[in-house]
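Structure first, commentary second.
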Protein chains: 2
Amino acid sequence: MSRYRVLVTLKPALLDSAGRAVTDSLRAMGFESVEDVRVGKLIDVTLKDGSKQEVEDMAKRLLANPVIEAFEVVETT
Amino acid sequence: MSRYRVLVTLKPALLDSAGRAVTDSLRAMGFESVEDVRVGKLIDVTLKDGSKQEVEDMAKRLLANPVIEAFEVVETT
């Protein structure tokens, strides 16, 4: 059994409207030092057996949209 | 300027229907060794100034739902 975490983030050039809404809410709640918020996805994948390369293929083909998102795969325990 | 990443995951006892759908899709695509997938959120917060404690407060009050989600705050660069 191997476990991997895929971290998916919106590319920096793109406007993140969800992040913008969170920024506004946090400031309205009194967290005035908030400069920026970006919202992404975290996907934990457990494999019976398989490699990090296989999870990178999953990310490219299904978990992330390579046109607008960047991703990183890390092995977890 | 300080940066933190908030990792939000659904508590293990809860059924993750999004994760179940991803598991099924990955297997249908030929990734047969997929055992389980859990989908969470990743929130990158940039502060003008502020501490990790402040970001933990944000997570408790807005970014995560403590009833069904667990979260972890890590400092990033």
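Here is how names work: the chains are called A, B, and so on, in the same order as the sequence lines, proteins then strands, and each is numbered from 1.
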**Q.** Residue pair S33(A) / D49(B): nearest heavy atoms and the distance that separates them
**A.** OG-O, 2.7 Å

Q. Side chains of V39(B) and L42(A): closer than 4.5 Å at any heavy-atom pair?
A. no

Q: Pick whichever of V8(A), L26(A), D57(A) has the most heavy-atom pairs under 4.5 Å with chain B.
A: L26(A)

Q. If two hydrophobic side chains count as joined below 4.5 Å and joins carry through other members, does L10(A) share a cluster with V37(A)?
A. no

Q: Sort T9(B) into side chain, backbone, both or neither according to what part of it lies under 4.5 angstrom from a heavy atom of chain A.
A: side chain

Q: Please assess K41(B) against K41(A) for the test side chain to side chain contact (heavy atoms under 4.5 Å, CB included), listing each intermediate value before the final yes or no.
A: CA-CA 5 Å; K41(B) 280 179 295 181; K41(A) 282 179 295 184; over 6 Å; no

Q) For R61(B), is it the side chain, the backbone, both or neither that has a heavy atom under 4.5 Å from a heavy atom of chain A? A) both

Q. So do the side chains of R5(B) and L7(A) get within less than 4.5 Å of each other, counting heavy atoms only?
A. yes

Q. Can you find a pair of side-chain heavy atoms, one from V34(B) and one from M58(A), that are under 4.5 Å apart?
A. yes

Q: Let me know if M29(B) has heavy atoms under 4.5 Å from chain A in its side chain, its backbone, both or neither.
A: both

Q. V45(B) and F31(A): same hydrophobic cluster, using ILVMFWY side-chain contacts below 4.5 Å?
A. yes

Q: Indicate, with yes or no, if L14(A) and V67(A) share a hydrophobic cluster defined by side-chain heavy-atom contacts under 4.5 Å among Ile, Leu, Val, Met, Phe, Trp and Tyr.
A: yes

Q | Atom pair CZ (R38(B)) and CG (D44(A)), whose distance is rounded to the nearest 0.5 Å | A | 9.0 Å

